[in-house]
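What you see is a predicted model; the values in this text were computed from it and never measured.
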Amino acid sequence: QVQLVESGGGLVQPGGSLRLSCAASGSILSINAMGWYRQAPGKQRELVATITSGGSTNYVDSVKGRFTISRDNAKNMVYLQMNSLKPEDTAVYYCNAEIRTPVRPWWYTYWGQGTQVTVSS
């Protein structure tokens, strides 16, 4: 079974930085797009950033210039570097990935359990 596990969340002051990591493990044939979502208190889940298998990236307007998504295909990992953090960035951050496996040989989206990011003074 494929698992995605996030790490790197925590409590940080406004203006600070955090780097989130997400590791995919299991019987993976290939990984297509990967991304980060977040869900803030009282809000719907929001797409934060995506990265294609070729390295093309997209960001929600509110994080452009502050966040950077990247991936390491050899390690089946995706990262989110978050700089100049604001209180409104507070949320549970989830990674996802489109993955093919031997028993599910079509693109299927898997989700991690999430990691809490709290930006507060």
S.K.: Atom CZ in R104, atom CD1 in I99: separation rounded to 0.5 Å?
M.R.: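 Between R104 CZ and I99 CD1, I get 10.5 Å after rounding to 0.5 Å.
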S.K.: Within a strict 4.5 Å, meaning less than it, do heavy atoms of the V60 and E46 side chains meet?
M.R.: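 The answer is yes; the side chains approach within 4.5 Å.
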S.K.: Could you measure the distance from the OG atom of S25 to the CE atom of M77? Nearest 0.5 Å is fine.
M.R.: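 So the OG of S25 and the CE of M77 are separated by 10.5 Å.
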S.K.: Quick one: closest heavy-atom pair of R38 and A91, and the distance?
M.R.: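 Minimum heavy-atom contact is CB-CB, 3.8 Å.
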S.K.: Return the minimal non-hydrogen interatomic distance between A49 and L80, and the atom names on each side.
M.R.: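 That closest heavy-atom pairing would be CB-CD1, 4.3 Å.
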S.K.: Could you walk me through whether W36 and C22 satisfy the side chain to side chain contact (heavy atoms under 4.5 Å, CB included) test, starting with their C-alpha distance in whole Å, then the side-chain angles of each, then the deciding distance to 0.1 Å, before giving a yes or no?
M.R.: CA-CA 9 Å; W36 289 93; C22 174; 3.8 Å; yes
S.K.: Distance alone, cut at 3.5 Å: any donor-acceptor contact between the side chains of N96 and T109?
M.R.: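 Their side chains do not contain a donor-acceptor pair, so the 3.5 Å distance test is not met.
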S.K.: Can you list the steps and then say if L20 with V117 is a side chain to side chain contact (heavy atoms under 4.5 Å, CB included)?
M.R.: CA-CA 9 Å; L20 306 183; V117 172; 4.0 Å; yes
S.K.: Please confirm whether R45 makes a cation-pi placement over W111, using NZ or CZ under 6.0 Å from the six-membered ring centre and within 45° of the ring normal.
M.R.: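 Pair R45/W111 counts as cation-pi.
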S.K.: Taking C95's backbone N and O only, do any of them form a donor-acceptor pair with E6's side chain (distance below 3.5 Å, no angle check)?
M.R.: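 A pair under 3.5 Å: yes.
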S.K.: Please say yes or no: joined through hydrophobic side-chain contacts below 4.5 Å, possibly via intermediate residues, are L47 and V92 part of one cluster?
M.R.: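 Yes, it is one cluster - the side chains of L47 and V92 are joined through contacts under 4.5 Å.
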S.K.: Going only through I, L, V, M, F, W and Y residues with side-chain contacts under 4.5 Å, is there a path from L18 to V48?
M.R.: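 Yes, one cluster joins them.
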S.K.: Any cation-pi pair here, R100 with W106, using under 6.0 Å and within 45°?
M.R.: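 The answer is no; the distance or angle limit is not met.
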S.K.: Using the rule that two of Ile, Leu, Val, Met, Phe, Trp, Tyr join whenever any of their side-chain heavy atoms come within less than 4.5 Å, decide whether L85 and Y59 are in one cluster.
M.R.: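 Looking at the clustering, Y59 is in the same group as L85.
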S.K.: Just do the side chain to side chain contact (heavy atoms under 4.5 Å, CB included) check on V2 and T101 with the steps written out, would you?
M.R.: CA-CA 8 Å; V2 171; T101 67; 3.5 Å; yes
S.K.: Please tell me if the side chains of T52 and N32 come closer than 4.5 Å, counting only heavy atoms from C-beta onward.
M.R.: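 No, too far: nothing below the 4.5 Å cut-off.
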S.K.: Parallel under 30°, tilted from 30 to 60°, perpendicular over 60°: which one fits the rings of F67 and Y93?
M.R.: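 Plane angle between 30° and 60°, so tilted.
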S.K.: Any chance you could measure I69, atom CD1, to S56, atom OG, to the nearest 0.5 Å?
M.R.: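 So the CD1 of I69 and the OG of S56 are separated by 10.5 Å.
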S.K.: Distance alone, cut at 3.5 Å: any donor-acceptor contact between the side chains of E88 and T90?
M.R.: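 No.
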S.K.: To the nearest 0.5 Å, tell me how far D89 CG sits from S120 OG.
M.R.: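 The distance works out to 12.5 Å.
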S.K.: Does NZ or CZ of R19 lie under 6.0 Å from the centre of the six-membered ring of Y79, at an angle within 45° of the ring axis?
M.R.: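 Yes, a cation-pi geometry holds between R19 and Y79.
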S.K.: Nearest heavy-atom pair of S30 and W107: which atoms, and what distance?
M.R.: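 Answer, listing the atom of S30 first, then W107: OG-CH2, 3.3 Å.
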S.K.: Could you check if a side-chain atom of I31 sits within less than 4.5 angstrom of a side-chain atom of N76, using non-hydrogen atoms only?
M.R.: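 In contact.
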S.K.: Would you mind reporting whether P87 and P14 have side-chain heavy atoms less than 4.5 Å apart?
M.R.: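 With C-beta onward as the side chain, the pair touches.
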S.K.: For Q3, does the CD atom have more than 12 heavy-atom neighbours from other residues, nucleotides or ligands under 6.0 Å away?
M.R.: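 Not buried by this count: 12 neighbours or fewer within 6.0 Å.
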S.K.: Does S70 reach the side chain of V78, with side-chain heavy atoms less than 4.5 Å apart?
M.R.: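 The answer is no, as the side chains (C-beta and beyond) never meet within the 4.5 Å cut-off.
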S.K.: Can you name the nearest heavy-atom pair linking S17 to S84, along with the distance?
M.R.: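 That would be OG-N, 4.3 Å.
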S.K.: Determine, stepwise, if the pair R66 / K86 fulfils side chain to side chain contact (heavy atoms under 4.5 Å, CB included).
M.R.: CA-CA 10 Å; R66 300 189 297 120; K86 304 175 180 179; 3.9 Å; yes
S.K.: Please answer: with hydrophobic residues joined when any side-chain heavy atoms are less than 4.5 Å apart, are V119 and Y94 in the same cluster?
M.R.: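 In one cluster with V119: Y94, no.
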S.K.: Begin with the C-alpha distance, continue with both residues' side-chain angles, and end with the deciding distance and a verdict on salt bridge (charged side-chain N to carboxylate O under 4.0 Å, His left out) for K64 and D61.
M.R.: CA-CA 5 Å; K64 287 181 179 177; D61 286 345; 3.0 Å; yes
